[in-house]
Protein chains: 2
Amino acid sequence: MPIENVTTAELSLSISQVAERTGLTTHALRYYERVGLMLERIGRASSSHRRYSEADVRWVTFITKLRSTAMPISRVLEYVKLARRGEETIPERLELLLIHRVSVAAQLDEMATSLAAIDFKIATYQGRTPTE
Amino acid sequence: MPIENVTTAELSLSISQVAERTGLTTHALRYYERVGLMLERIGRASSSHRRYSEADVRWVTFITKLRSTAMPISRVLEYVKLARRGEETIPERLELLLIHRVSVAAQLDEMATSLAAIDFKIATYQGRTPTE
DNA sequence: CTAGAACTTAGAGTGCGCTCGAAGTCAAAT
DNA sequence: ATTTGACTTCGAGCGCACTCTAAGTTCTAG
């Protein structure tokens, strides 16, 4: 019954706890690790069970923000690889995020436009003349 | 050499013209027709080439709004089937759209939240303390 | 001590939404 | 008359992002 994290007040979570906290499945978390999306190697308990640090959880959380704005995993991977190279790649990471930002804005815009079209249809179904 | 659309001033477009106008590929348009997404049978020229009416184009355009708000094709199909049954299914179609509307709002919300997180990161990379 | 839940790896399988290829037809231009 | 290119059908193939299975290990509760 080895106790980890004696040094700092680092919590260390099991994979299922991280799954709960992030909304991903344990399968997805293992998959992310396999394809190289994690910033650092995920710690292991003596049993070889994964132990996630707070930083790991923050990173997974950030990844989900990128993913939920339709950044492909391949792009996230580029970003991770830059991040692993250290501070010197901040300009490149910044550029990557700024480019992505444009696409997110476009997505928001398209979705808002689509919503308007759907609302228009809803209004006609509700018998309200939508232009009225 | 039978001439279609004699009655009205209906324009009739080729598949590639519709592709241009809707942003879909001709492949996707054929696929949509194949899986039953079109409201009515698409007209054919004597050559058996597809001829799209204005109403067809409007329908495809509406479909793309549903799709771009992440409505699965299976759901669009439900909607189409209702629509083909006529006016009596308007309440059901309305309900389907209202339910979808909720999901679109949630998507917009999530995307906005993710954008905020990305902007936060951008700000830190730009050396601005983001909370400042 | 034992049962059962949770974990491990490696690799195969899945669902969605197209996308592509093959083989053929047709119309317009040269 | 022939070449070019857009079209047709049908079915297979593909990329993405997981998701699941199998076989084995380990942790937890009673």
Side-chain angles (χ1 to χ4, degrees), chain A residues 1-5 12-38 41-52 56 60 62-80 100 103 107 110 114, chain B residues 1-4 12-38 41-53 56 60 62-80 100 103 107 110 114:
Chain A
M1 191 203 278
I3 292 167
E4 255 73 28
N5 335 313
S12 76
L13 300 173
S14 72
I15 192 167
S16 61
Q17 288 172 318
V18 175
E20 248 183 276
R21 275 162 182 69
T22 61
L24 296 171
T25 65
T26 59
H27 290 299
L29 284 167
R30 289 192 202 97
Y31 169 75
Y32 279 11
E33 187 178 338
R34 246 201 302 183
V35 298
L37 283 185
M38 299 314 293
R41 212 187 157 289
I42 300 299
R44 303 292 158 136
S46 58
S47 57
S48 83
H49 287 195
R50 287 167 179 81
R51 289 295 170 240
Y52 291 80
D56 293 331
V60 170
F62 184 61
I63 283 183
T64 63
K65 305 298 187 201
L66 297 179
R67 294 284 308 121
S68 75
T69 49
M71 182 183 287
I73 281 178
S74 58
R75 186 68 45 86
V76 181
L77 209 42
E78 283 179 46
Y79 182 85
V80 179
H100 181 58
S103 113
Q107 289 175 61
E110 184 181 3
S114 296
Chain B
M1 192 204 276
I3 291 169
E4 255 72 31
S12 76
L13 301 172
S14 73
I15 192 166
S16 61
Q17 290 172 317
V18 176
E20 249 183 277
R21 275 163 182 70
T22 61
L24 296 171
T25 65
T26 58
H27 290 298
L29 284 167
R30 290 192 203 96
Y31 169 74
Y32 278 11
E33 187 179 337
R34 243 197 305 181
V35 299
L37 244 38
M38 301 312 294
R41 210 185 160 289
I42 300 300
R44 303 292 158 137
S46 58
S47 56
S48 83
H49 288 194
R50 286 166 178 80
R51 290 294 171 238
Y52 290 80
S53 71
D56 293 331
V60 171
F62 184 61
I63 282 183
T64 64
K65 305 298 187 199
L66 296 179
R67 294 285 308 123
S68 75
T69 48
M71 182 183 286
I73 283 179
S74 57
R75 185 68 46 87
V76 182
L77 208 43
E78 282 178 46
Y79 183 85
V80 179
H100 181 58
S103 113
Q107 288 175 62
E110 184 180 3
S114 297

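Per chain, numbering begins at 1; letters A, B, ... match sequence-line order. Here the structure is a predicted model, which is why all the values come from computation and not from measurement.
- Contacts of Arg30(A) with the nucleic acid, taken as non-hydrogen atoms under 4.0 Å apart, include base atoms.
- The span of DNA chain C lying next to chain A, judged by atoms under 4.0 Å from heavy atoms, is bounded 5' to 3' by dC7(C) to dG11(C).
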Any protein N or O atoms within reach of nucleotides 19-26 of chain D? Criterion: under 3.5 Å, listing atom names and distances.
residue: dT19(D); atom: O4; partner: Arg34(A); partner atom: NH2; Å: 3.2

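- Every residue meeting the salt bridge (charged side-chain N to carboxylate O under 4.0 Å, His left out) condition with Glu33(B), not counting sequence neighbours, appears here in chain and number order: Arg44(B), Arg50(B).
- For the contact set between residues 71-78 of chain B and DNA chain D, defined by any heavy atom under 4.0 Å, there are no members.
- A pairwise comparison of heavy atoms in Ile15(A) and Arg30(A) identifies CD1-CG, 3.5 Å as the closest pair.
- Here the OG1 atom belonging to Thr26(B) is positioned 11.5 Å from the CD atom belonging to Glu20(B), to the nearest 0.5 angstrom.
- Here Ser16(B) contributes atom OG and Tyr52(B) contributes atom OH; the two are 10.0 Å apart, rounded to the nearest 0.5 Å.
- Counting heavy atoms from C-beta outward, Tyr32(B) and Val76(B) have side chains that stay 4.5 Å or more apart.
- Within the 4.5 Å cutoff, the side chain of Tyr31(B) has no heavy atoms near those of the Leu37(B) side chain.
- The CD atom of Gln17(A) sits 14 Å away from the C1' atom of dT28(D) (whole-angstrom rounding).
- For Arg21(A), the side-chain contact (heavy atoms from CB on, under 4.5 Å) test picks out Leu13(A), Gln17(A), with sequence neighbours left out.
- Looking at heavy-atom distances under 4.0 Å, Thr26(A) makes no contact with the nucleic acid at all.
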List, one per line, each side-chain donor-acceptor pair under 3.5 Å for residues 62-69 of chain B, sequence neighbours excluded.
residue: Thr64(B); atom: OG1; partner: Thr61(B); partner atom: O; Å: 2.5
residue: Arg67(B); atom: NH1; partner: Met71(B); partner atom: O; Å: 2.5
residue: Ser68(B); atom: OG; partner: Ser114(A); partner atom: OG; Å: 2.7
residue: Ser68(B); atom: OG; partner: Thr64(B); partner atom: O; Å: 3.2
residue: Ser68(B); atom: OG; partner: Lys65(B); partner atom: O; Å: 3.2
residue: Thr69(B); atom: OG1; partner: Lys65(B); partner atom: O; Å: 2.9
residue: Thr69(B); atom: OG1; partner: Leu66(B); partner atom: O; Å: 2.8
residue: Thr69(B); atom: OG1; partner: His100(B); partner atom: NE2; Å: 2.8

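- In this structure the side chain of Leu29(B) never reaches within 4.5 angstrom of the side chain of Thr25(B), judged on heavy atoms.
- Looking at heavy atoms from C-beta onward, Arg51(A) lies in side-chain contact with Ser14(A) at the 4.5 angstrom threshold.
- In this structure, the CG atom of Leu29(B) is 13 Å from the P atom of dT9(D), given to the nearest Å.
- For the OP1/OP2 pair of dC7(D) and a distance below 4.0 Å, the side-chain nitrogens and oxygens of Ser14(B) include at least one atom meeting the criterion.
- Other residues, nucleotides and ligands contribute only 12 or fewer heavy atoms inside 6.0 Å of the CZ atom of Arg75(B).
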